[in-house]
Amino acid sequence: MRAPVPTDYREGVSAPATDAIDARAAHADGVERLLESYRALPATATVRLAKPTSNLFRSRDRVEARGLDTSGLTQVIAVDAQARTADVAGMCTYEDLVAATLPYGLAPLVVPQLKTITLGGAVTGLGIESTSFRNGLPHESVLELDILTGAGEVVTASPTEHADLFHAFPNSYGTLGYAVRLRIELEPVQPFVALTHLRFHALADLVDTMDRIVESGALDDGTRVDYLDGVVFSADESYLCVGVQTAASGPTSDYTGQRIFYRSIQHADGATHDRLIIHDYLWRWDTDWFWCSQAFGAQHPLVRRVWPRRYRRSSAYWKLMKLERRYDIGNRIERFGGRPPRERVIQDVEIPIERAAEFLDWFLAEVPIEPIWLCPLRPRDDTDWPLYPLESHRTYVNVGFWSTVPVGATEGATNRLIEHKVSELDGHKSLYSDAYYPRDEFDALYGGDAYRAAKRRYDPDSRLLDLYAKAVQRR
């Protein structure tokens, strides 16, 4: 069932004062429990979070040590509808955050695709979605945040207070501290999203159209564009998915049942149209984990009929994948069939838009993975984010591909090949999955000097992991 969504967002309703007081008290209690669990750790123990879920896909050494208690840091603390801001605990999921803001007719400036991504995780580990061509990345709409540092202190970081930590925090993956509270900007949204799916027969044509939309904020006919992403099925079949907010009522589609969203995009030529309530648009990719639910049989019509609706979501598939990785089920099946083991290639990379078609042509020729997700991105301003140094006022295309390929001659051969190509094209690669960079190359790409300076100040005893050790050495 869809979550209830109001049909008129223009007024908004203030939350009862008692609710706000209760939420702030609960948050204060959660911070205290977090600090108590930090103080209970041995002085030499590496500090980690105790998290029930994760959206990281890199392999890691198994850890038996107790993590920090984050159970009290999962709520929306307050929504200020007039200021269009929200105070949010660091472990609050976007699913819960959106549920709290939509009744006011507001949403975060960027809502990553998967429901259980946390706000703190999207800021320290980056996130992206179809508003990123106009709103940048999630950390760019953070006004201030409270961070538990490696030294066991909670500090407030903003552009003017602990500014070095504020700017180094994005892409640090919890190695400079953990977000305890974040104050973020919100933007008005309408109850519905009208979608147009544009078919392209050449990737260069798709990229050219995407570039024009990013530059103008509109289609060639002048229609304003609020949301923009795309899907590549092959070199001669690709699509842009253009979304426009609207208050006009009318029939809407539902892709939480038998119908599958990414399949609805496909058509022979020209444009097709669709319509979703805003809630369903924001979570359109979560039901089938983009298209990755196919690996578990969840897209087969017979299986889908008996697959409980409450388990048609990314968090359920992630748990299944975790079991597969623990027991190496996939490679056992490959061996049983007389086939070689497979290498995981689960990556998102940012490519300058003027090189995007070149990268896609190369990728389709060299890496046997499809479909591919496309999402344009443009940093909002000139702010320096040293650990993920995208150029301001430059358009990039996030290219997402998530599957496996036959293993190569060396460990991570295909992933390393992609890393080389991304660097050759002046791009950047996200670190939520496996990485194979040597240390010097990693430091050059991910702000090594700025990172070490922040590390010395906010984690002087190295209680938190080092970013290279976490991202590349799988600790």
Side-chain angles (χ1 to χ4, degrees), residues 54-60 112-114 125-128 173 203 229-235 238 262 285 288-296 299 314 317-318 320-326 328-335 337 339-351 355-375 396-425 427-438 441-442 445-446 470-474:
S54 173
N55 284 284
L56 295 179
F57 294 90
R58 68 174 84 94
S59 301
R60 295 182 63 183
Q113 314 86 348
L114 308 181
L126 305 187
I128 194 169
Y173 282 89
L203 291 169
D229 64 350
V231 179
V232 175
F233 289 91
S234 67
S238 58
Y262 81 99
W285 292 121
D288 282 287
W289 212 11
F290 284 85
W291 32 80
C292 298
S293 68
Q294 188 172 31
F296 307 105
Q299 295 182 28
S314 61
Y317 307 130
W318 186 88
L320 292 174
M321 191 187 78
K322 186 177 180 181
L323 289 173
E324 187 279 329
R325 287 165 54 188
R326 177 176 295 180
D328 200 25
I329 296 171
N331 281 333
R332 291 186 182 189
I333 293 173
E334 295 298 315
R335 285 195 295 271
R339 296 180 294 272
R342 299 185 68 84
E343 174 188 346
R344 290 188 310 144
V345 181
I346 301 176
Q347 305 289 354
D348 280 73
V349 300
E350 267 80 51
I351 305 296
R355 310 297 297 273
E358 178 183 352
F359 177 80
L360 290 169
D361 287 337
W362 172 87
F363 186 90
L364 290 171
E366 298 291 333
V367 184
I369 292 177
E370 57 82 20
I372 303 166
W373 186 57
L374 304 179
C375 187
Y396 297 81
V397 180
N398 176 278
V399 185
F401 36 91
W402 318 294
S403 190
T404 63
V405 300
V407 296
T410 58
E411 181 184 7
T414 298
N415 281 281
R416 189 64 182 132
L417 184 68
I418 293 167
E419 289 175 350
H420 280 301
K421 191 65 177 181
V422 170
S423 294
E424 176 189 323
L425 299 180
H428 293 272
K429 177 179 129 170
S430 298
L431 296 175
Y432 72 88
S433 189
D434 296 322
Y436 294 87
Y437 296 104
E441 186 179 355
F442 184 88
L445 290 170
Y446 298 102
K470 192 169 188 177
V472 180
Q473 297 175 333
R474 305 177 184 177

S.K.: What pairs with E411 under salt bridge (Lys or Arg N to Asp or Glu O under 4.0 Å), at least two apart in sequence or on another chain?
M.R.: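 Listed in chain order: R474.
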S.K.: How far apart are the closest heavy atoms of I369 and L364, and which atoms are they?
M.R.: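 Minimum heavy-atom separation between I369 and L364: O-CD2, 4.4 Å.
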S.K.: Does either side chain, that of Y262 or that of D288, offer a donor lying less than 3.5 Å from an acceptor on the other one?
M.R.: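 No, because no side-chain N or O of Y262 sits under 3.5 Å from a partner of the opposite role on D288.
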S.K.: Would you say the ring centers of W289 and W402 fall short of 6.0 Å from each other?
M.R.: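 Distance test on ring centres: not under 6.0 Å, no.
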S.K.: At what distance, to the nearest 0.5 angstrom, does OG of S403 lie from CD of Q294?
M.R.: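 Output value for this atom pair is 9.5 Å.
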S.K.: In this structure, which one of F401, W373, Y317 forms a ring pair (Phe, Tyr, Trp, His ring centres under 6.0 Å) with F290?
M.R.: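 One option only clears the test, and that one is W373.
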S.K.: Can you find a heavy atom in the side chain of I372 that is under 4.5 Å from one in the side chain of F233?
M.R.: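 The answer is no; the side chains never approach within 4.5 Å.
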S.K.: Under the rule for ring-ring contact (aromatic ring centres under 6.0 Å, His included), what residues qualify as partners of F442, not counting sequence neighbours?
M.R.: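 By the ring-ring contact (aromatic ring centres under 6.0 Å, His included) rule, F442 matches Y446, Y468.
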S.K.: Rounded to the nearest 0.5 Å, what's the gap from CD1 on I418 to CZ on F359? Could you check?
M.R.: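 Result: 6.0 Å between the selected atoms.
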S.K.: Is V472 close to Y436 at the side-chain level, that is, under 4.5 Å between some pair of heavy atoms?
M.R.: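 Heavy-atom side-chain distance check fails, nothing below 4.5 Å.
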S.K.: Measure the CG-NZ distance between N398 and K429 for me, rounded to the nearest 0.5 Å.
M.R.: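 With rounding to 0.5 Å, CG (N398) is 13.0 Å from NZ (K429).
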S.K.: Output, in order, the C-alpha distance, side-chain angles, deciding distance and verdict of side chain to side chain contact (heavy atoms under 4.5 Å, CB included) for L203 and D361.
M.R.: CA-CA 8 Å; L203 291 169; D361 287 337; 3.6 Å; yes
S.K.: Minimum heavy-atom separation for A413 to G408, with atom names?
M.R.: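 Heavy-atom minimum between the residues: CB-CA, 4.0 Å.
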S.K.: Quick one: closest heavy-atom pair of S430 and E350, and the distance?
M.R.: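 Heavy-atom minimum between the residues: OG-OE1, 4.0 Å.
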S.K.: For the residue pair V399 and D348, establish whether any side-chain heavy-atom pair is separated by less than 4.5 Å.
M.R.: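 Sidechains of D348 and V399: no contact.
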S.K.: Can you tell me how far OH of Y437 sits from CG of L445, rounded to the nearest 0.5 angstrom?
M.R.: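 So the CG of L445 and the OH of Y437 are separated by 5.5 Å.
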S.K.: With sequence neighbours excluded, tell me which residues meet salt bridge (Lys or Arg N to Asp or Glu O under 4.0 Å) with E324.
M.R.: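 Scan of E324 (salt bridge (Lys or Arg N to Asp or Glu O under 4.0 Å), adjacent residues dropped) gives none.
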S.K.: To the nearest 0.5 Å, what is the distance between OG1 on T404 and CD on E343?
M.R.: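 The distance works out to 9.5 Å.
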S.K.: For R342, what residues pass the salt bridge (Lys or Arg N to Asp or Glu O under 4.0 Å) criterion, not counting sequence neighbours?
M.R.: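 With neighbours one apart ignored, the set is empty.
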S.K.: Taking the side chain as every heavy atom from C-beta outward, state whether V422 and I351 have any pair of such atoms under 4.5 Å apart.
M.R.: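 When only atoms from C-beta onward are counted, I351 and V422 do touch, with a gap below 4.5 Å.
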S.K.: Please report the closest heavy-atom contact between E441 and S423, naming both atoms and the distance.
M.R.: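 So the minimum-distance heavy-atom pair works out to OE2-OG, 3.9 Å.
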S.K.: Applying salt bridge (Lys or Arg N to Asp or Glu O under 4.0 Å) as the test, list every pair that has at least one member in residues 397-406; sequence neighbours left out.
M.R.: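 Listed by first then second residue: nothing to list.
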S.K.: Measure the CZ-CE distance between R326 and M321 for me, rounded to the nearest 0.5 Å.
M.R.: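 Nearest 0.5 Å value for the CZ-CE distance: 12.5 Å.
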S.K.: Would you name the heavy atoms of A356 and V397 that are closest together and state the gap between them?
M.R.: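 Between these two residues, the closest heavy atoms are CB-CG2, 3.9 Å.
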S.K.: Are D434 and R344 close enough, and set up right, to give a side chain to side chain contact (heavy atoms under 4.5 Å, CB included), and what steps lead you there?
M.R.: CA-CA 8 Å; D434 296 322; R344 290 188 310 144; 3.0 Å; yes
S.K.: I'd like to check the salt bridge (Lys or Arg N to Asp or Glu O under 4.0 Å) partners of E358; sequence neighbours left out, ordered by chain and number.
M.R.: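 Salt bridge (Lys or Arg N to Asp or Glu O under 4.0 Å) check on E358 returns R355.
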S.K.: Is it the case that the side chain of S433 and the backbone of I346 share a donor-acceptor pair, with hydrogens and angles ignored and the cut-off at 3.5 Å?
M.R.: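 Yes; at least one donor-acceptor contact below 3.5 Å.
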S.K.: Which heavy atom of Q113 sits nearest a heavy atom of I128, and at what distance?
M.R.: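 Reported closest heavy-atom pair: NE2-O, 3.1 Å.
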